[in-house]
Amino acid sequence: MRDHAPLDRNRHDDRIRAFCLRWDTPLDWGKFASWIEMLISLHGADLLRIKGVLNVDGSPGPFAVHGVQHLFHPPVELPAWPDDDHASRIVFITRNMAETTLAQGLAAFKTGTARPA
């Protein structure tokens, strides 16, 4: 009988991380699109996977989004929310990128305080 170490979700290597950003207020699609385009332009090679459901201001149903590195597919508007939880959430699998960096960057775009690098 062999002993196995506990499963580590970030086991691929020390540079790869998986995390989920979540927020409760609807977001402005234009600001989100600007943020994600900037993120892909600057860090696309390190965005191994992005997948989420967004509560977009003014839309009755959620938008499904997903991408891999520099390829971000067009969003798909879903007909309705599956339950009463209308929070936006995006799962990221990244290389050499911290969760706090992405969260702070999105917050800056949402509030209009983002500045060009």
Side-chain angles (χ1 to χ4, degrees):
M1 182 171 182
R2 296 192 300 172
D3 291 328
H4 293 282
L7 177 64
D8 178 5
R9 293 173 197 246
N10 297 308
R11 69 189 176 279
H12 298 286
D13 77 33
D14 292 341
R15 301 172 306 147
I16 296 177
R17 293 282 170 252
F19 51 85
C20 181
L21 296 183
R22 178 186 166 99
W23 57 98
D24 294 323
T25 57
L27 57 82
D28 177 289
W29 178 256
K31 290 179 181 179
F32 174 80
S34 293
W35 174 72
I36 203 73
E37 287 172 7
M38 181 272 316
L39 191 62
I40 291 167
S41 174
L42 295 174
H43 303 286
D46 292 321
L47 295 170
L48 304 180
R49 186 80 165 106
I50 304 168
K51 189 169 189 143
V53 177
L54 305 178
N55 183 345
V56 175
D57 194 27
S59 297
F63 278 77
V65 295
H66 65 100
V68 176
Q69 293 186 310
H70 290 94
L71 178 61
F72 197 80
H73 298 280
V76 175
E77 187 171 7
L78 303 176
W81 289 92
D83 56 30
D84 290 335
D85 183 2
H86 293 192
S88 295
R89 38 209 180 267
I90 302 178
V91 174
F92 290 88
I93 302 173
T94 65
R95 178 178 40 230
N96 296 324
M97 297 180 76
E99 178 178 355
T100 55
T101 302
L102 291 175
Q104 291 168 353
L106 178 57
F109 271 88
K110 284 175 60 181
T111 61
T113 59
R115 303 272 186 258

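Computation of the quantities below employed the complete heavy-atom set of this structure, encompassing side-chain atoms and omitting hydrogens, waters and symmetry-equivalent molecules.
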Rounded to the nearest 0.5 Å, how far apart are [atom1] of [X] and [atom2] of [Y]?
| X | Y | atom1 | atom2 | value |
| --- | --- | --- | --- | --- |
| Arg22 | Ile90 | CZ | CD1 | 12.5 Å |
| Phe32 | Leu54 | CZ | CG | 5.0 Å |
| Ile93 | Ile50 | CD1 | CD1 | 10.5 Å |
| Ile16 | Asp46 | CD1 | CG | 9.5 Å |
| Leu48 | Thr94 | CG | OG1 | 7.0 Å |
| Gln104 | Glu99 | CD | CD | 10.5 Å |

With side chains defined as the heavy atoms from C-beta onward, is the minimum distance between [X] and [Y] less than 4.5 Å?
| X | Y | result |
| --- | --- | --- |
| Asn55 | Trp23 | no |
| Leu47 | Phe72 | no |
| Trp29 | Pro75 | yes |

Verify the cluster assignment for [X] and [Y]: are they in a single hydrophobic cluster under the rule of side-chain heavy atoms below 4.5 Å apart?
| X | Y | value |
| --- | --- | --- |
| Val91 | Leu21 | no |
| Val56 | Val65 | yes |
| Val76 | Val53 | no |

| message | Please verify the inter-ring angle class for His86 with Trp81; under 30° counts as parallel, over 60° as perpendicular, anything in between as tilted. | response | parallel
Minimum-distance pair of heavy atoms, taken over all atoms of [X] and [Y]:
| X | Y | value |
| --- | --- | --- |
| Ser59 | Glu77 | CB-OE2, 3.9 Å |
| Ala87 | Asp24 | CB-OD1, 3.4 Å |
| Arg89 | Cys20 | CB-SG, 3.8 Å |
| Leu106 | Trp35 | N-NE1, 3.3 Å |
| Leu78 | Ala64 | CD1-CB, 4.3 Å |

| field | Ala45 backbone acceptor or donor facing Arg95 side chain under 3.5 Å | value | yes
| said: Any side-chain to backbone donor/acceptor pair from Ser34 onto Gly30? Under 3.5 Å, distance only. | reply: yes
| field | salt bridge (Lys or Arg N to Asp or Glu O under 4.0 Å) pairs, two or more places apart, involving residues 49-74 | value | none
| task | Test Met97 against Leu39 for side-chain contact (heavy atoms from CB on, under 4.5 Å), laying out the working first. | result | CA-CA 11 Å; Met97 297 180 76; Leu39 191 62; 3.7 Å; yes
| request: Check the surroundings of atom CG in Asp83: do more than 12 heavy atoms from other residues, nucleotides or ligands lie under 6.0 Å from it? | output: yes
